[in-house]
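Accompanying notes for the structure given below.
From a predicted model like this one, the values you see are computed outputs, not experimental measurements.
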Amino acid sequence: MALAAPAPALKRRFYARDVVEVAQDLIGCVVAHEGVSGVIVETEAYHDCEPACHAFVGLTARTATLFGPPGRAYVYRSYGIHALLNAVCELEGIGAAVLIRALEPVDGVETMRARRGHDRLEDLCSGPGKLTQALGVELADNGADLETGPLVIRPRPRAWREVAIACGPRIGITKAVELPWRFSAAGSRFVSRRSGVAAVPGR
DNA sequence: CATGGGATTGACT
DNA sequence: GTCAATCCCATGC
């Protein structure tokens with residue numbers, strides 16, 4: 001019996017709803033790019049109604065992807081050095097996205113090690129700039145369709161179906177710091193930071 | 001056209 | 001704990 005084919009990628013309608021819900025539902029899902037993949041263990045939600053979101057300034061060249069159709073990648077350069085990967089959410093015309101902040105490596109670990117220049121498994125994808133480097137995601141992937149690939153996000157594997165989710169304040173921002181819109185797989189060794197989280201009530 | 005500010009990381013004290 | 005690297009883009013003159 002051959003290995004099962006990978007699950008089909010998440011469809012546009014998965015992303016076309018409340019960005020804070022999508023941020024939680026993406027925990028445990030799998031990001032894959034050209035044979036390299038990992039399980040999402042940390043996310044943050046951003047919405048144009050709050051000032052920490054790039055889309056807060058309105059429609060510009062930079063934010064066009066955020067206001068575009070859901071299910072696309074929003075990739076931008078941070079601090080002049082790192083490419084950060086988001087999944088665009090909500091309906092077209094609303095600027096919202098989920099920042100993918102950390103992965104638990106699954107496939108292509110040796111490729112990740114070579115690209116990252118680090119050996120420890122926990123150092124490969126435990127941060128938003130680290131995981132794009134490990135996956136080979138670049139600015140040119142901005143606007144790419146996450147349903148058709150080559151960069152795709154797949155549903156939770158069976159073992160991740162019941163993952164416990166923690167929440168806390170978003171990291172590295174100076175505005176709207178009070179919103180608890182950072183989510184992580186409870187107890188994961190692969191998140192970017194360990195502190196500042198609490199259990200999500202009722203989930 | 002000049003300026004300033006980051007959704008970070010890694011090296012160093 | 002501190003701090004520099006580095007570049008895209010929004011803003012203002």
Side-chain angles (χ1 to χ4, degrees), chain A residues 15 18-24 26-27 29 31 38 40-68 70 72-90 94-105 112-144 146 151 153 166-185 188-197:
Chain A
Y15 302 96
D18 182 84
V19 68
V20 178
E21 286 189 12
V22 177
Q24 295 169 70
L26 278 174
I27 299 292
C29 294
V31 182
I40 299 171
V41 295
E42 184 178 347
T43 61
E44 285 176 2
Y46 288 88
H47 191 288
D48 63 31
C49 68
E50 46 90 15
C53 183
H54 292 167
F56 187 71
V57 299
L59 181 61
T60 65
R62 182 192 204 193
T63 62
T65 306
L66 282 169
F67 285 100
R72 306 280 181 90
Y74 168 54
V75 184
Y76 72 97
R77 188 164 304 291
S78 174
Y79 290 96
I81 305 171
H82 308 288
L84 268 55
L85 171 64
N86 300 249
V88 176
C89 293
E90 309 253 1
I94 296 175
V98 174
L99 171 66
I100 311 297
R101 284 196 57 91
L103 307 177
E104 176 173 328
M112 291 185 182
R113 287 197 168 106
R115 286 172 173 161
R116 291 274 302 120
H118 291 269
D119 283 343
R120 279 182 71 242
L121 206 53
E122 293 87 346
D123 291 336
L124 298 180
C125 299
S126 55
K130 298 178 186 178
L131 71 91
T132 54
Q133 186 182 27
L135 288 171
V137 170
E138 300 170 8
L139 283 199
D141 295 300
N142 184 41
L146 293 172
L151 175 63
I153 304 181
C167 74
R170 294 174 294 181
I171 291 173
I173 56 171
T174 57
K175 301 165 201 162
V177 295
E178 71 283 359
L179 292 174
W181 283 4
R182 172 182 178 240
F183 302 98
S184 60
S188 173
R189 300 150 45 215
F190 298 95
V191 298
S192 64
R193 303 187 189 187
R194 297 271 216 129
S195 60
V197 295

Quiz item: Could you give the distance from CG (A/Asp141) to CG (A/Leu85), rounded to the nearest 0.5 Å?
Solution: 8.5 Å
Self-check item: Spacing of CG belonging to A/Asp48 relative to CZ belonging to A/Phe56, to within rounding of 0.5 Å
Solution: 9.0 Å
Self-check item: Side chain proximity check, A/Ile171 to A/Glu44, heavy atoms < 4.5 angstrom
Solution: yes
Practice problem: Go through the steps for A/Gln133 and A/Arg116 under the test side chain to side chain donor-acceptor pair (under 3.5 Å), then give the verdict. | Solution: CA-CA 7 Å; A/Gln133 186 182 27; A/Arg116 291 274 302 120; 2.7 Å; yes
Quiz prompt | Opposite nucleotide pairing with C/dT11, Watson-Crick or G-U, both atom distances under 3.5 Å | solution = B/dA2
Exercise. Could you please name the partner base of C/dG1, counting Watson-Crick and G-U wobble pairs only when both distances are under 3.5 Å?
Key: B/dC12
Could you tell me the separation between the [atom1] atom of [X] and the [atom2] atom of [N], rounded to a whole number of Å?
{"X": "A/Tyr76", "N": "B/dG6", "atom1": "OH", "atom2": "C1'", "result": "8 Å"}
{"X": "A/Glu50", "N": "B/dA7", "atom1": "CD", "atom2": "C1'", "result": "10 Å"}
{"X": "A/Asp123", "N": "B/dT8", "atom1": "CG", "atom2": "C1'", "result": "15 Å"}
{"X": "A/Leu131", "N": "B/dT8", "atom1": "CG", "atom2": "C1'", "result": "12 Å"}
{"X": "A/Leu66", "N": "B/dA7", "atom1": "CG", "atom2": "P", "result": "12 Å"}
{"X": "A/Leu99", "N": "B/dG6", "atom1": "CG", "atom2": "P", "result": "16 Å"}
{"X": "A/Arg120", "N": "B/dG10", "atom1": "CZ", "atom2": "C1'", "result": "14 Å"}
{"X": "A/Ile171", "N": "B/dG6", "atom1": "CD1", "atom2": "P", "result": "17 Å"}

Quiz item: In B/S/- notation, 5' to 3', how is nucleotides 5-13 of chain C contacted by protein heavy atoms closer than 4.0 Å?
Solution: BBBSSSS--
Quiz item: Is any side-chain N or O of A/Arg116 closer than 4.0 Å to OP1 or OP2 of B/dG10?
Solution: yes
Quiz item: Counting just side-chain N and O atoms, does A/His118 come under 4.0 Å of either OP1 or OP2 of B/dG10?
Solution: yes
Quiz item: What pair of heavy atoms forms the shortest contact from A/Arg72 to A/Gly143, and how long is it?
Solution: CD-O, 3.4 Å
Quiz item: Do side-chain atoms of A/His118 reach the backbone of A/Arg120 as a donor and acceptor pair under 3.5 angstrom?
Solution: no
Quiz item: Considering heavy-atom distances to DNA chain B, does A/Gly172 or A/Lys130 have its closest nucleotide positioned more toward the 5' end?
Solution: A/Gly172
Quiz item: Do A/Ser192 and A/Glu42 have side-chain atoms, one donor and one acceptor, less than 3.5 Å apart?
Solution: yes
